[in-house]
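Labels below follow one simple rule: chain letters A, B, ... track the order of the sequence lines, proteins then strands, and each chain is numbered from 1. No experiment lies behind these values; they were computed from the predicted model shown.
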2 protein chains.
Amino acid sequence: MNKKNSCPLNYTMNLIGTKWKPLILFHLLEGDLRSGILQKKIPEISNKMFTQTVRDLEKDGLISRKVFPVVPPKVEYSLTNRGKSLEDILRSLDKWGLEDCQN
Amino acid sequence: MNKKNSCPLNYTMNLIGTKWKPLILFHLLEGDLRSGILQKKIPEISNKMFTQTVRDLEKDGLISRKVFPVVPPKVEYSLTNRGKSLEDILRSLDKWGLEDCQN
DNA sequence: TAACTATACTACTTTTTTGTAAGTTATTGC
DNA sequence: GCAATAACTTACAAAAAAGTAGTATAGTTA
């Protein structure tokens with residue numbers, strides 16, 4: 001909690017408050033996914049942003065990355081416990097959007 | 001829900017997923033506030049970003065703005081019902097940050 | 001041997017967000 | 001007349017986020 005995060009809410013937003021992070025975490029709630037599958041669940045994301053975002057999430061310990069030493073490459077992503085602890089929030093955000101956009 | 005929001009979660013993030021919006025909404029949970037007071041609760045925000053953000057929130061119907069025709073000006077902000085419906089989410093995000101940053 | 005595969009990286013450009021600093025307003029009180 | 005006030009605006013600059021397009025990898029399969 002540094003000076004840029006005077007409020008816990010701000011801390012949370014700095015961690016997951018970007019365009020793609022919540023979306024990736026959300027899709028991983030349903031279980032572990034191969035890189036390509038996960039990316040296809042978010043058709044709008046560019047290859048670069050996908051890689052960059054999962055790297056960020058991994059760095060922050062919200063997801064973990066398992067590499068299988070095969071060719072062609074196989075990489076699987078899954079939520080860490082820290083990532084899983086966001087489940088309620090992610091589902092709430094999704095639910096709110098669903099309800100709100102019907103009005 | 002347009003093509004940029006294939007997922008409700010994305011819709012929500014596009015609405016409040018910025019640096020300052022959740023923070024402003026959060027502080028208004030405690031009740032209506034004069035512009036200056038609200039801004040002082042977020043010392044890191046610049047004058048410009050504050051005005052810009054409350055304008056956005058007003059445009060999206062999450063807060064309402066009451067102007068008193070006095071000099072010097074007096075402006076009060078409050079949450080709309082739509083804004084209030086975010087209460088659980090905002091408190092969850094704050095709570096998560098509080099718990100998480102202790103680890 | 002050449003194409004194919006899934007994943008990722010890089011250089012570069014564009015777009016979006018944020019910040020800085022200065023000005024504007026119209027009344028009050030000195 | 002002139003400074004002080006609260007809220008806001010504007011022009012400009014800087015920084016961050018996102019997009020585009022091309023390259024690398026190294027076994028497998030045709």
| Proximal nucleotide (of C:dT10, D:dA11, D:dC8) relative to the A:Lys48 side chain | C:dT10

| query | Would you say B:Arg34 reaches D:dT5's phosphate, i.e. side-chain N/O to OP1/OP2 under 4.0 Å? | reply | no

| query | Which listed nucleotide (C:dA26, C:dT18, D:dA26) is nearest to the side chain of B:Gln52? | reply | C:dT18

| First of B:Thr18 and A:Phe50 reached from the 5' end of DNA chain C, by closest nucleotide | A:Phe50

| said: Taking the minimum atom-to-atom distance to the side chain of B:Tyr77, which one of D:dC8, C:dA8, D:dG19 wins? | reply: D:dC8

| field | Whole-Å distance separating the CD1 atom of A:Ile37 from the C1' atom of C:dT5 | value | 14 Å

| said: Is there a path of hydrophobic side-chain contacts, each under 4.5 Å between heavy atoms of I/L/V/M/F/W/Y residues, joining A:Leu29 to B:Leu9? | reply: yes

| message | Using OP1 and OP2 only, check whether a side-chain N or O of A:Arg65 sits under 4.0 Å from C:dA8. | response | yes

| request: Please state how far atom CD1 in B:Ile42 lies from atom P in C:dG19, giving the value in whole angstrom units. | output: 12 Å

| Along DNA chain D (nearest heavy atom to each residue), the more 5'-positioned of A:Ile45 and B:Asn47 | B:Asn47

| said: Using side chain to side chain contact (heavy atoms under 4.5 Å, CB included), reason through B:Thr12 and B:Ile16 one step at a time and then give a plain yes or no. | reply: CA-CA 6 Å; B:Thr12 307; B:Ile16 60 164; 4.2 Å; yes

| Do we see a donor-acceptor contact under 3.5 Å between the side chains of B:Ser64 and B:Thr80? | no

| request: Indicate whether any N or O donor in one side chain lies under 3.5 Å from an N or O acceptor in the other, for A:Asp32 and A:Tyr77. | output: no

| request: Would you mind telling me which of D:dC8, C:dG19, D:dT20 lies closest to the side-chain atoms of B:Lys19? | output: C:dG19

| task | Starting from C1' on D:dA26, measure out to NZ on A:Lys74 and report it in whole angstrom. | result | 18 Å

| query | For the side chain of A:Ser46, counting heavy atoms from C-beta on, which of D:dA7, D:dT20, C:dA6 is nearest? | reply | D:dT20

| query | Touch check for A:Phe68, heavy atoms < 4.0 angstrom, all strands: base, sugar-phosphate only, or nothing? | reply | nothing

| Roughly, in whole Å, what's the span from NZ in B:Lys66 to C1' in D:dA6? | 18 Å

| field | Whole angstrom value for the distance that separates P of C:dT16 from CE of A:Met49 | value | 14 Å

| note | In whole angstroms, the gap separating C1' of C:dG19 from CD of B:Gln39 amounts to 13 Å

| request: May I ask you to say what B:Ser35 touches in the nucleic acid, namely base, sugar-phosphate or nothing, with a heavy-atom cut-off under 4.0 Å? | output: sugar-phosphate

| remark: Separation of C:dT16 atom P from B:Lys21 atom NZ, nearest Å, is 14 Å

| query | If you measure from the Lys or Arg side-chain nitrogens to the Asp or Glu carboxylate oxygens, is any gap between B:Arg91 and B:Glu30 under 4.0 Å? | reply | yes

| said: From CE of A:Met13 over to P of D:dA16, roughly how many Å is that when rounded to an integer? | reply: 18 Å

| remark: Closest of C:dT18, D:dC8, C:dA6 to the A:Pro72 side chain is C:dA6

